[in-house]
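Positions are given from 1, in the same order as the sequence printed here.
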Amino acid sequence: MTDVRDAVKAALKIQTIETPSWGYGNSGTRFKVFAQPGVPRTPWEKLDDAAKVHEFTGVAPKVSLHIPWDRVDDYAALAEYAAERGLKLGAINSNTFQDDDYRLGSVCHPDAKVRRKAVRHLLECVDIMDATGSSDLKLWFADGTNYPGQDDIAARQDRLAAALAEVYERLGDGQRLLLEYKLFEPSFYTTDVPDWGTSYAHCLKLGPKAQVVVDTGHHAPGTNIEFIVAFLLREGKLGGFDFNSRFYADDDLMVGSSDPFQLFRIMHEVIKNGGLAPAANVAFMLDQCHNIEAKIPAVIRSVMNVQEATAKALLVDREALAEAQREGDVLAANATLMDAYNTDVRPLLRELREEQGLAPDPRAAYAASGWQEHIAADRVGGEQAGWGA
């Protein structure tokens, strides 16, 4: 058992979880955004908050940026500011869904002038990658149609492919394009990248620098996400995750909050298929909408949830599982997974954190640090960052 614990700790020590800059700002639903005291007003302050998450968890050294929400005059200076706080700038997320010109789409729009505008923005994001040292360009398109006959479905795929090809050619060495998908919303009749298969097909055609992002909230009810993960890992096309939880649709709740067993099953496939190894280069990113909960504690809780699911998945007795599968012993195979899932890994994680010089309970340590009170008193005036900022 000691060897198993040591192996689990060793694997957890190399895991990193990327947090989203927008997760620290005000966010909400289409109906209301609830502002909170101390919310960042600038990308610099977002990095200050992200640094606190990394300080107390030890596994969140990267921060995703969203353009134009995080636009600054000097991206190299922003990257230097992050480095001074023990952080790196991670994925650069594009935005082709908050401009009036994109009412009928962006890169799939029937008007070539609008498509050109959207592609220019994507190329700008690659320029920002060059300045920040980021390796990932993450693309999500709200493109689609609301009514039958509104546009040519196949022609929209041609436009999408042309835009992606141009951006792909602009990527430098060590850079990659991560293509996200979403079943619906805001387009309700057709969505131009609605599922992993569409994303995979485009990435396959583009080449090795293009990979799929799996957002855990972007699927039809009952979809087996761990199957998608296993398939993409097998094909070398899993670029990363946008971790969150949902109850009905793309709720963007804290990962592991609504279905922790699903998160465990996903991490089991990740680990079994080599996705946790640094060489696999799978980005474990959070994409969440902290609407009624405090921002920084919510991000910390999400990071802890991923750690717990990972620890449980690492405890699966793979030899026993493989033997049960070979013998067709359905109950034994399932029991092997359930034994690992039902293990309380919190004592092990507390022990690991203490060995790393961290507080055993990151959320409690953050609450006692006084940072929340400090930012509430200090960040007065200006305009708070928020969804759409």
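- Judged by distance alone, the side chains of Asp242 and Trp140 never bring a donor and an acceptor atom under 3.5 Å apart.
- Pairing each heavy atom of Tyr168 with each of Pro208, the nearest pair is OH-N, 3.2 Å.
- For the pair Glu124 and Arg71, the salt-bridge criterion is met [side-chain N within less than 4.0 Å of a carboxylate O].
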Inset, instruction - Report the C-alpha separation of Tyr341 and Phe264 in whole Å, then their side-chain angles, then the decisive distance to 0.1 Å, and conclude whether the ring-ring contact (aromatic ring centres under 6.0 Å, His included) test is met. - result: CA-CA 7 Å; Tyr341 175 69; Phe264 161 78; 5.2 Å; yes
Inset, instruction - In sequence, state the C-alpha distance, the side-chain angles, and the governing distance for Leu183 and His219, and then conclude on side-chain contact (heavy atoms from CB on, under 4.5 Å). - result: CA-CA 6 Å; Leu183 179 65; His219 304 87; over 6 Å; no
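- In terms of hydrophobic clustering, with Ile, Leu, Val, Met, Phe, Trp and Tyr side chains grouped at heavy-atom distances under 4.5 Å, Leu321 and Met267 are assigned to different clusters.
- In summary, the side chains of Gln150 and Tyr189 do not present any donor paired with an acceptor at a separation below 3.5 Å, with no hydrogens or angles considered.
- Side-chain contact between Thr19 and Val63 is present, with at least one heavy-atom pair separated by less than 4.5 Å.
- The two residues His290 and Ala298 come nearest to each other via the heavy atoms ND1-CB, 3.4 Å.
- For Glu18 (side chain) and Ala91 (main-chain N/O), a donor-acceptor pair under 3.5 Å exists by modelled atom type.
- Remark: the backbone N or O of Met129 is not paired with any side-chain donor or acceptor of Ser134 at under 3.5 angstrom.
- When only modelled atom types and interatomic distance are considered, Glu180 and Ser199 share no side-chain donor-acceptor pair under 3.5 Å.
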Inset, instruction - Apply side chain to side chain donor-acceptor pair (under 3.5 Å) to the pair Arg353 and Gln307, showing each step before the final yes or no. - result: CA-CA 11 Å; Arg353 293 180 186 119; Gln307 286 183 295; 3.0 Å; yes
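- For the pair Pro362 and Met304, the minimum side-chain heavy-atom distance is below 4.5 Å.
- Shown here is Arg234, whose CZ atom has no more than 12 heavy atoms of other residues, nucleotides or ligands within 6.0 Å.
- Leu137 and Leu78 end up in the same hydrophobic cluster when Ile, Leu, Val, Met, Phe, Trp and Tyr side chains are linked at under 4.5 Å.
- Both cation-pi conditions hold for Lys117 and Tyr102: the charged atom is under 6.0 angstrom from the six-membered ring centre and inside a 45 degree cone around its axis.
- Side-chain contact check for His268 and Arg318: at least one donor-acceptor pair (N or O, by modelled atom type) lies under 3.5 Å.
- Side chains of Asn291 and Ser27: no donor on one and acceptor on the other come within 3.5 Å.
- For Lys272 and Glu269, the salt-bridge test passes: some basic side-chain N is under 4.0 Å from an acidic carboxylate O.
- Smallest separation of non-hydrogen atoms from Arg170 and Asp127: NH2-OD1, 2.7 Å.
- The shortest side-chain heavy-atom distance between Lys237 and Leu204 falls under the 4.5 Å cut-off.
- Between the side chains of Tyr181 and His202, no donor N or O sits under 3.5 Å from an acceptor N or O.
- Atom CD1 of Ile14 has more than 12 neighbouring heavy atoms from other residues, nucleotides or ligands inside a 6.0 Å radius.
- Donor-acceptor pairing under 3.5 Å is recorded for the side chains of Asp130 and Gln175.
- To the nearest 0.5 Å, atom CG of residue Asp111 and atom CG of residue Leu104 are 9.5 Å apart.
- By the 4.0 Å N-to-carboxylate-O rule, Lys9 lies close enough to Glu355 to be salt-bridged with it.
- Under the 4.0 Å criterion applied to side-chain N and carboxylate O atoms, Asp49 and Lys295 are not assigned as salt-bridge partners.
- Counting only heavy atoms from C-beta outward, the side chains of Ile17 and Phe243 never approach each other to under 4.5 Å.
- Considering only heavy atoms from C-beta on, Asp70 stays 4.5 Å or farther from Ile92 through its side chain.
- When only modelled atom types and interatomic distance are considered, Asn244 and Asp287 share no side-chain donor-acceptor pair under 3.5 Å.
- Summarising the geometry of Val213 relative to Lys138, their closest heavy-atom pair is CG2-CD, 3.8 Å, with the distance given to 0.1 Å.
- Side chains of Tyr24 and Glu45: a donor-acceptor N/O pair is absent below 3.5 angstrom, by distance only.
- Hydrophobic clustering of Ile, Leu, Val, Met, Phe, Trp and Tyr side chains at less than 4.5 Å, counting indirect connections, unites Val212 with Phe231.
- Screening Glu383, Lys46, Arg379 for a side-chain contact (heavy atoms from CB on, under 4.5 Å) involving Arg41 leaves a single residue, Arg379.
- Here the shortest heavy-atom pairing between Ala333 and Ala324 reads N-CB, 3.6 Å.
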Inset, instruction - Would you please test Glu166 and Arg116 for salt bridge (charged side-chain N to carboxylate O under 4.0 Å, His left out) and show each step? - result: CA-CA 11 Å; Glu166 182 175 350; Arg116 190 70 245 153; 2.7 Å; yes
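- A salt bridge links Asp151 with Arg159: the closest approach of a Lys/Arg side-chain nitrogen to an acidic carboxylate oxygen falls below 4.0 angstrom.
- Of all the heavy atoms in Gln384 and Gln36, the pair that sits closest is NE2-O, 2.6 Å.
- When the shell of 6.0 Å around CD of Glu84 is examined, it contains more than 12 heavy atoms from other residues, nucleotides or ligands.
- Between Phe184 and Phe188, the ring planes lie tilted relative to each other; the angle falls in the 30° to 60° range.
- Asp143 has its side chain out of reach of Phe97: every pair of non-hydrogen atoms, C-beta onward, lies at least 4.5 Å apart.
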Inset, instruction - Take Asn305 and Ser302 through the side chain to side chain donor-acceptor pair (under 3.5 Å) test and state the conclusion after the steps. - result: CA-CA 5 Å; Asn305 286 350; Ser302 294; 5.4 Å; no
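- Hydrophobic clustering keeps Val39 apart from Trp22 (ILVMFWY residues linked when any side-chain heavy atoms are closer than 4.5 Å, directly or through intermediates).
- Between the side chain of His121 and the backbone N or O of Asn95, at least one donor-acceptor pair lies under 3.5 Å.
- Annotation: cation-pi geometry not satisfied between Arg246 and Tyr248 (NZ/CZ under 6.0 angstrom from ring centroid, within 45° of ring axis).
- The closest side-chain donor-acceptor pair between Trp69 and Gln98 falls under 3.5 angstrom.
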Inset, instruction - Test salt bridge (charged side-chain N to carboxylate O under 4.0 Å, His left out) on Lys113 and Asp101 and set out the steps. - result: CA-CA 10 Å; Lys113 294 194 296 289; Asp101 284 344; over 6 Å; no
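- At least one side-chain heavy atom of Tyr75 sits under 4.5 Å from a side-chain heavy atom of Ile67.
- When only modelled atom types and interatomic distance are considered, Asp339 and Thr336 share no side-chain donor-acceptor pair under 3.5 Å.
- From Leu314, atom CG reaches atom CG of Leu348 across 9.5 Å, with rounding to the nearest 0.5 Å.
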Inset, instruction - Decide yes or no on side-chain contact (heavy atoms from CB on, under 4.5 Å) for Val119 and Leu123, but give the supporting numbers first. - result: CA-CA 6 Å; Val119 171; Leu123 295 174; 4.0 Å; yes
Inset, instruction - Give the C-alpha distance, both sets of side-chain angles, the deciding distance and a yes or no for side chain to side chain donor-acceptor pair (under 3.5 Å) between Thr145 and Thr190. - result: CA-CA 5 Å; Thr145 64; Thr190 63; 2.5 Å; yes
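- Hydrophobic clustering (ILVMFWY, side-chain heavy atoms < 4.5 Å, transitive): Leu315 and Met338 are in distinct clusters.
- Checked by atom type and distance alone, the side chain of Asp74 pairs as donor or acceptor with a backbone atom of Ala76 at under 3.5 Å.
- Judged by the 6.0 Å distance and 45° axis criteria, Arg85 is positioned over the aromatic ring of Tyr81.
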